[in-house]
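One structure is given below, encoded as structure tokens.
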2 protein chains.
Amino acid sequence: MEPEILDLENFLPYRLYRLADAVSREFAGIYKDSHGLTRPEWRTLSGLGQHGTMTATALGEQSAMHKTKVSRAVAELERRRWLTRTPDENDRRVEHLTLTKAGLAAYAEMVPLAKAFERGLLAKLNAGERAAIAEGLAALERNLA
Amino acid sequence: MEPEILDLENFLPYRLYRLADAVSREFAGIYKDSHGLTRPEWRTLSGLGQHGTMTATALGEQSAMHKTKVSRAVAELERRRWLTRTPDENDRRVEHLTLTKAGLAAYAEMVPLAKAFERGLLAKLNAGERAAIAEGLAALERNLA
DNA sequence: CCAAACTGGTTTCATTTGTAACCATCGAAA
DNA sequence: TTTCGATGGTTACAAATGAAACCAGTTTGG
């Protein structure tokens, strides 16, 4: 009997992964080429820039990173003196992370580039396509969690 | 001056990556847990199952993998005796790869599971959302290449 | 012809990642 | 209290990855 065939190019998990990988790889230029950051480091910077002060656990939840990634990213950003740790008053396991001036400066520099990158991606689409992305992604995200 | 803020959860590259990562991680159960395959190995198997015979270069193009990934995946599948290499008649650099009986059997076993997985993903969406995914992904893919 | 540029594929090495074990601290329950 | 399970975070080790160097073999241009 003929084996059933899977058309990889039209297989949703593959398409998603390939698209994300390509976009992510291009986007990495913004934090990697200019500052030598890894993706976890960029996300950490981004999380702290957005929320001010966070714990490592909160960072992991917000940016979907395993705690080892967070731990290493935080260690590296601390080494660069882009963030500082403050022990929690009540729970000595917890550390509150905050960007330093230097960290904030790097963040402030990259945010406009990130936004421009996203605009560039969407600029090539028409309004209907942009709406489709929004709706489609939201729908998929909804039934993951 | 207040630094401009980037909302990571709504940032397209991040959303794409997170979604792809989550879907991909779940899907990996099908080839990893049952046969201990890596993603490149799965893609190689899938490419050969779909197209019959291919060269390593063609595999890399079809499934968006760097040639080192292809090389290693092919080596492992060969070690398992899931594929064989046949030297090209005219160009001695080229090898044609083909699945063995065992390779085909594994492929035939996994394809229905893969399709069921995809159906499961889409089953939770309504028709409009499915159409949105199709349109949105296609639009983004279009202006990558 | 022959050198240089190119192509298919492999290997090496450094970096990144994931898993699991681990340490310290905390909270609840006996 | 003491103990036991959960939790915040780090570390150790193995496996996966990417970049660049590499080795055939092939094509091109002089």
Side-chain angles (χ1 to χ4, degrees), chain A residues 17-18 20-22 24-29 31-33 35-44 47-48 53-80 83-98, chain B residues 17-18 20-22 24-29 31-33 35-44 47-48 53-80 83-98:
Chain A
Y17 195 93
R18 176 156 68 126
D21 193 56
S24 186
R25 217 172 272 272
E26 261 212 73
F27 179 63
Y31 52 80
K32 187 170 192 176
D33 297 350
H35 288 100
L37 294 181
T38 63
R39 184 167 40 227
E41 285 154 21
W42 151 253
R43 284 194 189 168
T44 298
L48 293 179
T53 290
M54 300 175 83
T55 66
T57 302
L59 263 169
E61 282 162 9
Q62 199 232 347
S63 54
M65 296 190 289
H66 192 267
K67 55 189 195 160
T68 60
K69 275 191 190 171
V70 176
S71 174
R72 297 191 257 242
V74 166
E76 168 61 20
L77 294 188
E78 183 187 32
R79 201 193 58 68
R80 289 180 184 227
L83 64 76
T84 56
R85 311 179 192 236
T86 315
D88 184 273
E89 300 278 310
N90 308 314
D91 187 338
R92 285 188 301 175
R93 293 168 304 178
V94 177
E95 294 175 326
H96 300 278
L97 309 165
T98 318
Chain B
Y17 195 93
R18 176 154 70 124
D21 193 57
S24 187
R25 219 173 271 275
E26 260 212 74
F27 179 63
Y31 52 79
K32 188 171 192 177
D33 297 349
H35 288 100
L37 294 181
T38 62
R39 183 167 41 226
E41 285 154 20
W42 151 253
R43 284 195 189 167
T44 299
L48 294 179
T53 289
M54 302 175 81
T55 67
T57 302
L59 264 170
E61 281 162 10
Q62 199 231 346
S63 52
M65 295 191 290
H66 188 81
K67 55 188 194 161
T68 60
K69 275 190 190 172
V70 176
S71 174
R72 296 190 258 242
V74 167
E76 168 60 20
L77 294 187
E78 184 187 31
R79 202 192 58 69
R80 288 180 184 229
L83 64 75
T84 56
R85 311 178 193 236
T86 315
D88 184 272
E89 299 279 309
N90 307 314
D91 187 338
R92 285 188 300 176
R93 293 169 303 179
V94 176
E95 293 175 327
H96 299 278
L97 308 166
T98 318

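Owing to the predicted nature of the structure, the values given are computational and were not obtained by experimental measurement.
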[N] [atom2] sits how many Å from [X] [atom1], rounded?
X: B:Met65; N: C:dG9; atom1: CE; atom2: P; value: 12 Å
X: A:Met54; N: D:dG9; atom1: CE; atom2: C1'; value: 15 Å
X: B:Arg79; N: C:dT10; atom1: CZ; atom2: P; value: 16 Å
X: B:Leu37; N: D:dA16; atom1: CG; atom2: P; value: 11 Å

Is [Y] close to [X] at the side-chain level, that is, under 4.5 Å between some pair of heavy atoms?
X: B:His66; Y: B:Val70; value: no
X: A:Arg43; Y: A:Gln62; value: no
X: A:Thr44; Y: A:Val74; value: yes
X: A:Asp88; Y: A:His96; value: yes
X: A:Phe27; Y: B:Tyr17; value: no

* Asked: Per the side-chain contact (heavy atoms from CB on, under 4.5 Å) rule, which among A:Thr55, A:Val94, A:Leu97 passes with A:Arg85?
  -> A:Leu97

Where is the tightest heavy-atom contact between [X] and [Y], given as atom of each residue plus distance?
X: A:Ala64; Y: B:Arg18; value: CB-CD, 3.5 Å
X: B:Pro40; Y: B:Lys69; value: CG-CD, 3.9 Å
X: A:Glu41; Y: A:Leu37; value: OE1-CA, 3.4 Å

* Short side-chain donor-acceptor distance under 3.5 Å, B:Arg39 and B:Tyr31 ->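 No, no side-chain donor-acceptor contact under 3.5 Å.
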
* Asked: Have A:Thr84 and A:Thr98 got a donor and an acceptor in their side chains that come within less than 3.5 Å?
  ->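 No, A:Thr98 and A:Thr84 have no side-chain donor paired with an acceptor closer than 3.5 Å.
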
* List the protein contact pattern of nucleotides 17-23 of chain D with one symbol per nucleotide (5' to 3'): B for base contact, S for sugar-phosphate-only contact, - for none; contact means a heavy-atom distance under 4.0 Å. => BBBB---

* Return the residues of residues 88-96 of chain B meeting this criterion: a heavy atom under 4.0 Å from some atom of DNA chain D. Order them by number, or give none. =>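 Listed by number, they are B:Asn90, B:Asp91, B:Arg92, B:Arg93.
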
* Asked: Taking for each residue the nucleotide of DNA chain D with the nearest heavy atom, is it A:Val74 or B:Glu41 whose nucleotide lies nearer the 5' end?
  ->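 Mapping each residue to its closest nucleotide by heavy atoms, the 5'-most match is A:Val74.
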
* Got a sec? Which of residues 56-64 of chain B come in under 4.0 Å of DNA chain C, heavy atoms? ->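 Correct list: B:Ala56, B:Thr57.
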
